[in-house]
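Accompanying notes for the structure given below.
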Amino acid sequence: MPELPEVETVRISLNEHLLKCKISKVRINVKNLRFPVPNNLEKSLEGKVFEKINRRGKYLLINFKQDLSLLVHLGMTGVFKINNSYSPEKHDHIVIELKEKFLIYNDVRRFGFFKVYKKNLVMQSPHLKKLGPEPLDIGFNELILKKKMMNKTQNIKHFLMDQKNIAGLGNIYCSEILFDSKISPLRLVNDMKKSEIKKIVKSIKKILTKAIELGGTSLSDYKTPSGKLGYFKNELKVYGMENKNCFFCKKRSKIKKLVQQGRSTFFCMKCQK
DNA sequence: AGGGCTACCTGTACGC
DNA sequence: TGCGTACAGGTAGCCC
């Protein structure tokens, strides 16, 4: 499910609902997520009070008033649900009880994970340490990307997908970003012109910002913690659009699908050079 | 050191 | 209807 816009939407929603709430009880139904749920998670969380929730790339950093940060990755199908009462559903792995509220972690494929850190150590976690820059930071620009591209021979789609280069882009938004910047996903990074890199940076910011405004993209699993869908689905121009007329050149060309590094890429051969 | 590929898991869609 | 297969928003950890 979740790339940067979805995780950011979840972050905003959790912040709205959980700030200052105190955890009364934690129940773990399934221990084997991507990594084992920390042994003492129930004990670590009970009695804790939610503070500001942050995001880095596709990771959530859930902070507590006490000296504790919960690092959460949603994998492919991880969702949080916030309800006033609890009625069990399939794949509810972690149920966190608050005063008159339940926070539930549900994850069909179990690729998500939870890890517990002391506040000052969470940024040192191996997951976060290797992440590239935040694409929506003001300081993120073509010079930073260009530097990362030096001496690399990969195609641009693969490059954008690598979290070491930029944090937060995934399979949907990489196709959409390259379509928006009219750059072919097959282009190799070492022969990209500065003007093209600039276009890509502009498209990254534009697409991600718009997607956050619309609450992310709901394909099958993804919903916000309060159960809302993400409406960027209606803005997708190429992802999942194989054989459809191209949004830009209309009937002159159809969207093609190809597989790069084992992942589907969608693009227009006429518009993207 | 750096890159490429696979495994992890369940659900769904599709062809036969 | 049922079975087999391919594919799905991600990434750690293996191998080369």
Side-chain angles (χ1 to χ4, degrees), chain A residues 1-11 29-37 55-60 71-80 89-94 105-115 125-132 135 147-179 185 188-190 204 207-208 211-212 214-224 229-243 257-266:
Chain A
M1 135 187 90
E3 305 180 35
L4 189 152
E6 290 75 38
V7 179
E8 178 63 10
T9 304
V10 171
R11 185 192 74 79
N29 297 325
V30 171
K31 286 181 114 63
N32 55 330
L33 301 183
R34 176 73 208 265
F35 302 112
V37 172
R55 179 189 57 73
R56 177 78 174 95
K58 301 175 194 173
Y59 293 86
L60 288 167
L71 180 66
V72 177
H73 195 287
L74 301 171
M76 292 277 250
T77 53
V79 289
F80 278 110
E89 292 183 75
K90 205 171 178 184
H91 308 298
D92 285 348
H93 304 317
I94 299 177
Y105 180 72
N106 181 293
D107 187 349
V108 171
R109 294 177 70 183
R110 286 188 267 138
F111 290 166
F113 65 82
F114 284 51
K115 288 190 181 183
S125 113
H127 301 101
L128 300 185
K129 235 180 149 177
K130 61 189 172 196
L131 290 180
K147 207 169 164 185
K148 294 254 182 202
M149 286 180 176
M150 286 202 317
N151 305 322
K152 294 217 169 80
T153 55
Q154 324 155 278
N155 65 63
I156 182 68
K157 163 77 169 2
H158 189 37
F159 174 87
L160 293 176
M161 291 280 287
D162 189 335
Q163 304 300 299
K164 293 197 294 293
N165 297 324
I166 309 169
L169 305 184
N171 210 35
I172 295 178
Y173 293 104
C174 283
S175 277
E176 294 298 321
I177 286 162
L178 288 172
F179 181 70
L188 302 181
V189 291
N190 56 2
I204 289 173
I207 299 278
L208 293 182
I212 292 168
L214 294 181
T217 301
S218 290
L219 295 185
S220 56
D221 298 292
Y222 167 73
K223 282 183 186 172
T224 74
L229 295 173
Y231 293 103
F232 194 77
K233 188 185 178 191
N234 302 330
E235 302 291 318
L236 295 177
K237 304 281 193 291
V238 284
Y239 185 86
M241 301 294 179
E242 192 181 13
N243 295 327
K257 171 180 167 174
L258 62 95
V259 176
Q260 293 176 293
Q261 283 71 41
R263 313 295 301 275
S264 297
T265 302
F266 299 86

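Order of the sequence lines fixes the chain letters, A, B, ..., with proteins taken first and strands second; residue numbering starts at 1 for each chain.
When the P atom is used for both C:dT5 and B:dA7, the distance is 16 Å, rounded to whole Å. Spacing of P atoms, C:dT11 relative to B:dA1, comes out at 23 Å, to the nearest Å.
When the C1' atom of C:dC7 is taken as reference, atom CD of A:E242 falls 12 Å away, rounded to whole Å. Taking atom NZ of residue A:K164 and atom C1' of nucleotide C:dG10, one finds them 14 Å apart after rounding to whole Å. Taking atom OH on A:Y239 and atom P on C:dC7, their separation rounds to 12 Å, with Å as the unit. Look at CG on A:L160: it is 16 Å from P on C:dG9, rounded to the nearest Å. Going from atom CD of A:E176 over to atom P of C:dG9 covers 12 Å, rounded to whole Å.
Note that OG1 of A:T265 is 11.0 Å distant from NE2 of A:H158, once rounded to the nearest 0.5 Å. Atom CG of A:L33 is separated from atom CZ of A:F35 by 10.5 Å, given to the nearest 0.5 angstrom.
OP1 or OP2 of C:dG9 has not a single side-chain nitrogen or oxygen of A:Y173 nearer than 4.0 Å.
With a cut-off of 3.5 Å on both Watson-Crick or G-U wobble distances, the partner of C:dG9 is given as none.
Within 4.0 Å of A:K233, counting heavy atoms only, lies no atom of the nucleic acid at all. Within the 4.0 angstrom heavy-atom criterion, no nucleotide atom of any strand lies near A:T153.
In the model, A:N106 has no side-chain atom that pairs as donor or acceptor with a side-chain atom of A:K223 under 3.5 Å. Judged by distance alone, the side chains of A:K233 and A:T217 never bring a donor and an acceptor atom under 3.5 Å apart.
The shortest side-chain heavy-atom distance between A:H73 and A:H127 does not fall under the 4.5 Å cut-off. Looking at A:M241 and A:F266, their side chains never come closer than 4.5 Å, going by heavy atoms from C-beta outward. Within the 4.5 Å cutoff, the side chain of A:F232 has heavy atoms near those of the A:I207 side chain.
Bounding nucleotides for the chain A contact on DNA chain B, 5' to 3', at a heavy-atom distance below 4.0 Å, are B:dG3 to B:dG11.
The two residues A:P5 and A:L208 have their closest heavy-atom pair at CG-CD2, 3.7 Å.
Comparing A:V259 and A:F111, the nucleotide of DNA chain C nearest to each residue sits closer to the 5' end for A:V259. Comparing A:K90 and A:H158 by the nucleotide of DNA chain B whose heavy atom lies nearest to each, the residue mapping closer to the 5' end is A:H158.
A:F159 does not carry A:K152 over the face of its six-membered ring by the limits of under 6.0 Å from the centre and within 45° of the normal.
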Once each nucleotide of nucleotides 11-16 of chain C is scored for protein heavy atoms under 4.0 Å, what B/S/- sequence comes out, 5' to 3'?
BB----
